[in-house]
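The structure appears right after this line, and notes come after that.
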Amino acid sequence: MSHRFNSRGRLNSFGRFNREEQMQSSASGYGRPYSQRPRHPPGLKGKEIGLFYRNLNREKKKEQPTLRLSPHIEQKIKTILNNSKSFYSSIFDERCNSEYDDKYQHIHDSQFKRKFLEIINGNIEHNLVKAISMEVKLQRNSNMDTILLNEYKDKQIQDNYLNMLKFRQKLPVYHKKSEILQLIKDNQVIVISGETGCGKTTQIAQFILDDQLEAGNGSITRIICTQPRRISAISVAERVAAERTEKLGKSVGYQIRLEKIPTREQGSILFCTTGILLQIMKTDPALKDFSHVILDEIHERTTESDFIITLLKQVIPKRTDLKILLMSATLNSERFSKYYNECPMIHIPGFTYPVQEFYLEDVLSLIQFRFPEAESTVYRKYGKAQRERYKEKVHKKEDFFDIIQPYIQQLRAEVKYAEHVLSELRNPNSENLSLELIEKLVRYICNNKQPGAILIFLPGMMDISQLNKMMLESGCYPPNKYIIYPLHSRMPTIDQKLIFKEPPDDIRKIIIATSIAETSITIEDVVYVIDCGKTKLGRFDIAHNIQTLNPEWVSLANAKQRRGRAGRVKSGECYHLYSKAREMTFDQYPLPEMLRTRLEEVILQIKMLQLGKAKEFLASIMDPPDLKAIDLSLNLLRTLNALDEEEHLTPLGYHLAHLPLDPRTGKMILWAALFSCVEPIFAIAASLTFKDAFYCPLGKEEEANKKKLELSMGEYSDHIALAEALRRFEVARRRGNAGQFCREYFLSFNTLKLLSEMKIQFAQYLYEMKFLNSDNPGDKNANRNSNNVALIKTIVCAGLYPNIAVIRRASKNGIFSWTPEDGSVRTHPSSVNCKASNFPSQYLTYFTKQRSTAIYLHDTTCISIPILLFTGPNISIKREKGKYIINNFNLSENIICESQTAEVIQELQHALNCLLEYKITHPATVLWSSFEGQILNAIIELISQEDREMGYNKEDIYYSSD
DNA sequence: GAGCACTGC
């Protein structure tokens with residue numbers, strides 16, 4: 001079933017109504033979501049200006065309107081509440097009076113209760129012992145051993161197998177085959193280090209399998225090998241199957257999210273993403289279906305691989321027959337060996353063609369170039385942020401001179417470089433990205449060097465876009481001689497396949513890419529690499545509790561990887577646009593992901609696996625995260641009611657931990673199931689946690705933004721645009737014109753397809769948990785309210801709470817909002833609300849807040865006050881000076897409320913929270929004909945536009961000025 | 001006036 005949003009209602013939803021009325025009567029208050037900031041009278045100075053604004057704010061507060069429900073709706077809600085009161089109060093009084101051990105006594109015995117209690121009372125040690133005592137699939141079967149052995153022997157005489165073997169034997173890893181196998185026999189854990197091109201990824205699992213088949217151990221051998229990326233899991237599996245002259249699904253298979261080709265249960269190799277292994281370990285921590293675990297590319301230090309490495313340490317003493325192979329690049333392999341009690345290590349040399357390296361000083365010797373003169377501007381030092389930025393700049397400059405001066409002296413002594421080169425090197429601006437320099441270098445290569453593709457690494461989209469534009473406008477790259485490909489995860493590649501192909505002889509291929517071309521995308525025929533030395537890196541700023549994204553110097557590992565991209569088919573050249581001195585300051589590896597991200601999801605995993613207290617477990621990781629970072633995440637999980645004070649999972653937390661989603665979007669889909677509006681909310685949840693499908697097409701950004709605005713259907717919501725994009729995609733797909741739809745709206749077909757499949761995955765889980773009656777996200781009963789936009793926004797906001805900002809002012813540069821934690825924030829230019837005006841309310845809810853050049857809210861939905869009332873977990877309404885004030889939004893302005901209205905809203909809120917908690921502990925769909933349905937309907941009526949149809953009109957709810 | 005890259009039975 002499809003849903004269609006109804007935009008009619010917004011006009012009489014009471015947020016909007018309020019606004020129109022207020023516009024006439026008052027110059028401030030809620031009715032003015034934003035306006036030109038009133039300016040202070042000219043002539044005021046210093047403190048006087050401050051006082052002027054203070055008084056203005058005081059005036060504003062006095063003028064605040066009062067929220068009042070009409071007696072009619074009030075009465076109706078009261079009746080509903082009275083009818084259901086006895087039911088809930090009995091359950092919740094009981095719960096509140098009981099001790100912790102009996103905390104969940106009130107839950108009826110059910111499958112849910114059993115599983116939930118198992119998780120909160122269990123521990124990993126016990127689970128491992130229990131798991132091992134259970135029957136395993138990997139049982140010795142002599143009959144099968146013989147069959148598998150014969151099958152393997154038959155292969156040895158096949159021509160194509162032998163041809164493949166000839167190729168395989170040329171790989172460096174082949175020479176170490178027996179050594180590796182011996183190490184595996186003698187040890188439970190080994191570390192294998194090897195560089196690109198050594199063949200470890202495709203060969204080692206096969207060595208083990210073939211060795212076991214030959215020894216007649218086929219029936220007790222099953223190897224699982226993890227890859228950090230979906231693409232590599234598939235391509236490695238395909239390659240290995242081809243080498244074994246088999247189709248996928250026999251002795252070789254793969255499994256990634258939403259896609260799997262299983263293997264036979266014994267005598268086989270399964271390639272999967274690291275996340276899949278983690279999922280498997282949630283139900284089978286002892287990994288009893290496997291004989292060997294190979295973790296590939298662990299040097300990348302993803303959260304998942306770090307987590308598994310730590311977890312396996314607890315598994316190996318219990319499963320002494322399980323073999324672990326840790327595969328890493330060479331630079332940091334000793335650390336893994338050390339972590340595993342100095343386990344043996346074996347090194348395999350790699351094979352790539354030689355790459356000649358040039359540094360900035362060499363580039364400056366090759367081409368004439370001058371960096372812009374160092375600025376002598378006096379920075380504005382007012383305001384905390386500006387002062388911080390100023391200090392940072394000064395530090396940076398000092399650091400630079402500390403590094404560069406001794407180096408320049410050394411170069412001067414060696415007399416290898418001209419004086420003008422040294423003088424450019426001394427300019428602090430030589431450390432800033434210069435697209436002009438890059439363009440000149442490209443031209444130099446094109447004019448002086450042999451044919452061959454050029455790959456340019458840049459930090460981000462803006463740089464790619466600008467360089468692309470600069471090159472096209474220079475007229476030096478006519479299309480009959482050059483073909484330029486921008487390459488970025490958010491940009492559509494005009495022709496997907498063409499970029500990988502070698503162009504015709506007289507055309508040079510130039511690729512302008514982000515770090516995506518370091519590992520994820522490989523273009524074989526690259527001969528020249530230009531490495532700007534910087535990459536954007538997401539971090540978690542613990543001190544300010546905010547995500548950041550800024551360009552930083554790459555690590556040595558990145559630089560090496562970039563250089564290697566030039567030597568895949570023949571010897572190449574790599575031009576680094578930083579000095580040798582700067583390179584000495586690079587870190588060996590990028591900071592492990594675990595130290596750069598929020599930890600909510602990791603903590604939920606810890607709880608699912610019953611690994612005890614978060615801090616204890618995280619302390620046993622190779623590089624433990626900061627205690628403060630753990631606290632921040634624990635606090636958020638408590639705010640979300642996923643963990644209780646003792647750090648145990650709550651029933652809600654239990655469900656959230658099961659879902660392959662961020663906990664906040666997980667909450668959204670649970671609400672969606674209860675409120676029966678799953679299609680749009682599933683789409684939004686999937687887009688927020690996975691990836692949104694909107695492309696940034698070069699040169700057509702405006703057009704793309706317009707199309708996104710169209711999809712938001714006047715709802716002041718990026719989230720609605722996400723839902724609508726997927727809805728229309730699914731309609732178009734049924735009609736067979738999805739491709740055309742994607743082109744028209746600048747959407748990624750592949751992303752939308754995955755999002756669509758994720759919706760099914762969510763439905764399956766919620767169906768298993770009994771929150772839905774069907775595993776089809778389009779089921780009619782699961783979408784009875786999918787057309788209600790106000791409800792969709794409410795659920796989005798409920799999930800995202802406490803992420804709420806207040807719109808303060810609109811400027812030609814976009815909307816400025818305010819959040820309690822960060823003060824002034826901006827709306828990201830890609831948001832449909834960035835250039836909007838005439839907002840129906842002054843509140844925005846958002847998922848991503850990130851600090852880059854400024855603090856940006858990336859996706860926003862404008863929400864009305866009534867929506868806000870039902871999304872905070874415990875909104876308190878307190879009496880103050882004869883008025884009732886709703887606070888707890890942590891927002892600057894409280895909402896004044898009439899006493900009767902305050903009472904009704906608070907009670908309805910309470911009923912909703914009780915109902916939700918009851919449903920979470922007693923998973924089932926809502927009975928819409930019972931009081932459950934009445935409570936939810938009362939809320940829906942209150943927040944939504946359907947009031948008129950339900951027999952109310954807009955006057956039922958309104959604001960009046962006191 | 002701008003979002004490095006990944007991932008989830």
Side-chain angles (χ1 to χ4, degrees), chain A residues 226-233 255-260 262 270 272-284 289 297 300-305 307 457-466 487-491 513-521 532 534-539 547-552 554 558 561 590 593 596-597 601-602 604-605 608 657-662 665-666 686 689-692 694-696 701-702 704-705 718 754 757-758 761-762 764-765 768 811-815 826-831 834-835 848-854 856-859:
Chain A
T226 68
Q227 292 295 318
R229 281 164 288 280
R230 293 164 60 91
I231 296 264
S232 30
Q255 187 174 350
I256 58 179
R257 184 181 184 182
L258 305 166
E259 213 178 311
K260 116 190 217 186
L270 179 69
C272 66
T273 42
T274 323
I276 296 285
L277 178 58
L278 202 51
Q279 293 302 323
I280 292 174
M281 290 185 86
K282 278 191 197 164
T283 48
D284 176 19
D289 292 341
E297 318 276 13
E300 291 188 16
R301 305 295 309 271
T302 63
T303 299
E304 284 149 336
S305 74
F307 194 100
F457 284 100
L458 291 179
M461 182 141 51
M462 278 304 264
D463 314 300
I464 293 177
S465 157
Q466 276 175 17
L487 190 60
H488 187 287
S489 67
R490 308 303 313 252
M491 285 175 192
T514 60
S515 48
I516 197 168
E518 253 174 52
T519 47
S520 308
I521 292 176
C532 77
K534 288 190 178 168
T535 184
K536 284 199 180 181
L537 206 62
R539 284 180 187 265
Q547 267 172 263
T548 63
L549 181 71
N550 284 306
E552 294 182 21
V554 294
N558 297 114
Q561 187 67 25
E593 194 192 5
R596 296 190 289 114
T597 44
E601 291 176 69
V602 177
L604 288 179
Q605 311 266 14
M608 279 300 291
H658 270 96
L659 292 164
L661 285 166
D662 164 281
T665 43
T689 41
F690 177 62
K691 189 183 191 182
D692 80 53
F694 290 99
Y695 272 136
C696 304
E701 293 88 346
E702 283 303 311
N705 284 347
D718 293 302
L754 271 173
E757 286 162 0
M758 281 177 196
Q761 201 186 24
F762 301 158
Q764 279 164 349
Y765 176 76
E768 272 165 38
S811 79
K812 65 176 197 291
N813 297 329
I815 299 299
R826 303 175 66 169
T827 306
H828 195 273
S830 65
S831 166
C834 185
K835 280 189 175 166
T848 307
K849 177 175 68 191
Q850 188 170 259
R851 192 182 69 215
S852 54
T853 50
Y856 286 105
L857 307 180
H858 283 244
D859 51 294

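Within every chain, numbering begins at 1; the chains are lettered A, B, ... in the order of the sequence lines, protein sequences first and strands thereafter.
Using a 4.0 Å heavy-atom distance criterion, A:Thr853 is classed as a sugar-phosphate-only contact. Among the heavy atoms of the strands lying under 4.0 Å from A:Glu701 is at least one base atom, whether or not backbone atoms are also near. Backbone-only contact: A:Ile516 has heavy atoms under 4.0 Å from sugar-phosphate atoms and none from a base. At the heavy-atom level, A:Cys696 lies under 4.0 Å from base atoms of the strands shown. Across all strands shown, A:Lys534 has no heavy atoms under 4.0 Å from either base or sugar-phosphate atoms. If you check every strand for non-hydrogen atoms under 4.0 Å, A:Tyr856 touches sugar and phosphate atoms only. Within 4.0 Å of A:Gln255, counting heavy atoms only, lie sugar-phosphate atoms of the nucleic acid but no base atom. Using a 4.0 Å heavy-atom distance criterion, A:Asn550 is classed as making no nucleic acid contact. Contact annotation for A:Gln547: no contact, since no heavy-atom pair falls under 4.0 Å across all strands. When heavy atoms are screened at a 4.0 angstrom cut-off, A:Thr283 is found touching base atoms of the nucleic acid. Residue-level contact check: A:Ser520 touches the backbone only, with heavy atoms under 4.0 Å from sugar-phosphate atoms and none from bases. When heavy atoms are screened at a 4.0 angstrom cut-off, A:Ile256 is found touching the sugar-phosphate backbone but no base atom. Here A:Arg257 lies in heavy-atom contact (under 4.0 Å) with a base. Using a 4.0 Å heavy-atom criterion, one finds that A:Thr303 contacts no nucleic acid atom at all.
Nearer the 5' end of DNA chain B, as judged by each residue's closest nucleotide, is the contact made by A:Arg490, out of A:Lys691 and A:Arg490. Nearer to the 5' terminus of DNA chain B, by closest-nucleotide assignment, is the contact made by A:Leu537 (compared with the other of A:Leu537 and A:His658).
The environment of CD1 in A:Ile521 is crowded: more than 12 heavy-atom neighbours from other residues, nucleotides or ligands sit within 6.0 Å.
Looking only at side-chain heavy atoms (C-beta outward), A:Phe457 and A:Asn558 stay at 4.5 Å or farther from each other.
Residues passing the side chain to side chain donor-acceptor pair (under 3.5 Å) test with A:Thr274, sequence neighbours excluded: none. With sequence neighbours left out, the ring-ring contact (aromatic ring centres under 6.0 Å, His included) criterion links A:His658 to A:Tyr654, A:Tyr765.
The backbone N or O of A:Cys272 lies less than 3.5 Å from no partner atom in the side chain of A:Gln255, so there is not a single donor-acceptor pair.
Under the 3.5 Å distance criterion, with hydrogens and angles disregarded, a donor-acceptor pair is assigned to the side chains of A:Ser831 and A:Asp718. Checked by atom type, the side-chain pair A:Glu593/A:Thr303 shows a donor-acceptor distance below 3.5 Å.
Running 5' to 3' along DNA chain B, contacts with non-hydrogen atoms of chain A at under 4.0 Å begin and end at B:dG1 to B:dC9.
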